[in-house]
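Note that the structure is a prediction, hence the values are computed from the model and not measured.
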Amino acid sequence: MHSVGRMHLQVTIDARDPHELAHFWTRALGYREEHNDDFVRQMIAAGNISEDDVVEVRGHLQFRDGAACVDPDGLRPRLYFQLVPEAKSAKNRVHLDLQYGREERDAQVARLEELGATRAYEGHQGPHSWITMRDPEGNEFCVS
């Protein structure tokens with residue numbers, strides 16, 4: 001069996017507004033937004049990117065075409081949101097499952113709705129049930 005070595009897992013999500021979607025998921029998951037102000041400045045100074053390639057978001061210089069959020073404890077995957085020109089048009093082939101347990105699920109659904117998520121429908125499979133929701137750009141995710 002072949003070893004994959006030390007690996008870091010990143011989940012990449014297409015977005016029309018990567019910075020706002022990263023901000024939503026930061027609050028939804030208890031992550032922190034990734035800020036690279038110094039690196040962005042170094043890239044501009046070195047001539048690798050121009051001022052047109054960056055944007056200021058909530059007081060931080062960010063690459064215009066992407067944003068990320070990370071688990072402060074480093075235990076869960078990094079989420080990277082990449083700018084795409086088109087809006088979401090079909091069902092996700094991959095989605096996130098936020099598993100809280102039945103006793104906490106409804107409170108978490110309400111919290112996520114306050115952050116900008118919308119409820120799509122409730123699903124059941126045997127004794128297991130979940131609520132499928134959509135983030136502010138329409139990407140489905142499940143809460144159970």
Side-chain angles (χ1 to χ4, degrees), residues 1-41 43-44 48-144:
M1 185 170 194
H2 180 71
S3 170
V4 295
R6 183 160 172 81
M7 177 187 68
H8 297 277
L9 178 62
Q10 170 176 288
V11 177
T12 301
I13 300 168
D14 292 349
R16 291 292 310 245
D17 188 340
H19 302 286
E20 286 308 310
L21 206 52
H23 188 60
F24 167 81
W25 282 105
T26 295
R27 295 175 296 149
L29 299 176
Y31 274 32
R32 67 173 174 76
E33 288 184 63
E34 197 172 80
H35 299 295
N36 299 302
D37 300 78
D38 292 338
F39 181 63
V40 170
R41 285 186 186 92
M43 296 289 285
I44 292 170
N48 294 321
I49 62 173
S50 74
E51 296 281 342
D52 292 336
D53 297 319
V54 301
V55 62
E56 186 172 325
V57 179
R58 287 179 284 287
H60 294 278
L61 275 182
Q62 300 284 340
F63 293 107
R64 182 175 301 281
D65 61 358
C69 60
V70 294
D71 176 10
D73 299 321
L75 301 174
R76 297 177 287 172
R78 176 182 192 248
L79 299 182
Y80 178 73
F81 302 89
Q82 66 183 5
L83 179 65
V84 296
E86 69 279 349
K88 182 181 173 301
S89 62
K91 185 180 182 309
N92 298 16
R93 294 294 302 244
V94 174
H95 66 268
L96 302 179
D97 282 338
L98 311 183
Q99 299 175 344
Y100 294 102
R102 182 71 174 143
E103 64 285 346
E104 194 178 339
R105 184 186 79 184
D106 293 339
Q108 290 297 331
V109 166
R111 181 183 71 84
L112 293 162
E113 287 175 318
E114 288 176 12
L115 295 175
T118 56
R119 184 187 300 240
Y121 58 89
E122 187 165 342
H124 301 274
Q125 185 175 22
H128 183 68
S129 68
W130 62 92
I131 295 174
T132 298
M133 301 187 76
R134 291 186 177 98
D135 72 15
E137 289 201 9
N139 300 302
E140 294 92 359
F141 65 98
C142 294
V143 181
S144 62

A.B. asks: Hey, could you give me the CZ/CG distance between F39 and N48, rounded to the nearest 0.5 Å?
C.D. replies: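 Answer rounded to 0.5 Å: 8.0 Å.
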A.B. asks: I want to check something: taking the side chain as every heavy atom from C-beta on, are R32 and V70 in contact at a cut-off of under 4.5 Å?
C.D. replies: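 In contact.
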A.B. asks: Which residues satisfy the side-chain hydrogen bond (donor to acceptor under 3.5 Å, both in side chains) test with D135, sequence neighbours excluded?
C.D. replies: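 Checked D135 against side-chain hydrogen bond (donor to acceptor under 3.5 Å, both in side chains); matches are W25, N139.
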A.B. asks: Applying the side chain to side chain donor-acceptor pair (under 3.5 Å) test to Q62, which of H35, H19, E56 qualifies?
C.D. replies: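 That would be H35.
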A.B. asks: Test of understanding: with side-chain hydrogen bond (donor to acceptor under 3.5 Å, both in side chains), list the residues that count as partners of E34, not counting sequence neighbours.
C.D. replies: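 Result, side-chain hydrogen bond (donor to acceptor under 3.5 Å, both in side chains) vs E34: R78.
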A.B. asks: F81 and A15: which non-hydrogen atoms are nearest, and at how many Å?
C.D. replies: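 Taking every non-hydrogen atom into account, CB-CB, 4.3 Å.
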A.B. asks: Between A67 and P18, what is the shortest heavy-atom contact and its length?
C.D. replies: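 Taking every non-hydrogen atom into account, CB-O, 3.6 Å.
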A.B. asks: Search all heavy atoms of Y80 against all heavy atoms of G66 and return the closest pair with its distance.
C.D. replies: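 What the structure gives for the nearest pair is OH-CA, 3.4 Å.
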A.B. asks: Would you say V94 and V11 make side-chain contact, with heavy atoms under 4.5 Å?
C.D. replies: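 They are not in contact (no side-chain heavy atoms under 4.5 Å apart), so the answer is no.
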A.B. asks: Taking all atoms of both residues into account, what is the closest heavy-atom pair of Y100 and A28, and its distance?
C.D. replies: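 In terms of heavy atoms, the two residues are closest at OH-O, 4.0 Å.
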A.B. asks: A side-chain contact here means heavy atoms from C-beta on lying under 4.5 Å apart; do D106 and I131 qualify?
C.D. replies: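 Yes, their side chains come closer than 4.5 Å.
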A.B. asks: May I ask you to test the D14-Q82 pair for a side-chain heavy-atom distance under 4.5 Å?
C.D. replies: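 The answer is yes, as the side chains (C-beta and beyond) meet within the 4.5 Å cut-off.
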A.B. asks: Atom CG of L115 and atom OG1 of T26: how far apart are they, to the nearest 0.5 Å?
C.D. replies: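 Reported value, rounded in 0.5 Å steps: 10.5 Å.
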A.B. asks: Within the 4.5 Å heavy-atom criterion, are L29 and L98 side-chain neighbours or not?
C.D. replies: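 Of all side-chain heavy-atom pairs linking L98 with L29, at least one is under 4.5 Å.
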A.B. asks: Less than 3.5 Å apart, any donor N or O on the side chain of D97 or H95 sitting next to an acceptor on the other?
C.D. replies: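 Yes, a side-chain donor-acceptor pair sits under 3.5 Å.
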A.B. asks: Quick one: do K88 and E140 make a salt bridge, cutoff under 4.0 Å?
C.D. replies: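 A salt bridge links K88 with E140.
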A.B. asks: Just how far is it from atom CZ of R76 to atom CG of L96, taken to the nearest 0.5 Å?
C.D. replies: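 It is 10.5 Å, given to the nearest 0.5 Å.
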A.B. asks: Kindly check if the number of other-residue, nucleotide or ligand heavy atoms within 6.0 Å of CD (E86) is above 12?
C.D. replies: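 Count over threshold, so yes.
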A.B. asks: Which heavy atom in I49 sits nearest to a heavy atom in F63, and how many Å separate them?
C.D. replies: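 I49 and F63 have their closest heavy atoms at CD1-CE2, 3.6 Å.
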A.B. asks: Between S129 and R102, which heavy-atom pair has the shortest distance, and what is it?
C.D. replies: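 Between these two residues, the closest heavy atoms are OG-NH1, 4.2 Å.
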A.B. asks: Can you tell me how far the CG atom of D52 sits from the CD1 atom of I44, to the nearest 0.5 Å?
C.D. replies: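 So the CG of D52 and the CD1 of I44 are separated by 10.0 Å.
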A.B. asks: Scan the side chains in residues 119-128 for donor-acceptor partners under 3.5 Å anywhere in the protein, sequence neighbours excluded, and list what turns up.
C.D. replies:
residue: E122; atom: OE2; partner: R105; partner atom: NH2; Å: 3.4

A.B. asks: Taking E20 first and then R58, would you say they form a salt bridge - that is, a charged N and a carboxylate O separated by under 4.0 Å?
C.D. replies: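 Judged by the 4.0 Å cut-off on N to carboxylate O distance, E20 and R58 do form a salt bridge.
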A.B. asks: For E137 and D17, indicate whether the former's side chain and the latter's backbone hold a donor-acceptor pair under 3.5 Å.
C.D. replies: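 At least one qualifying donor-acceptor pair exists.
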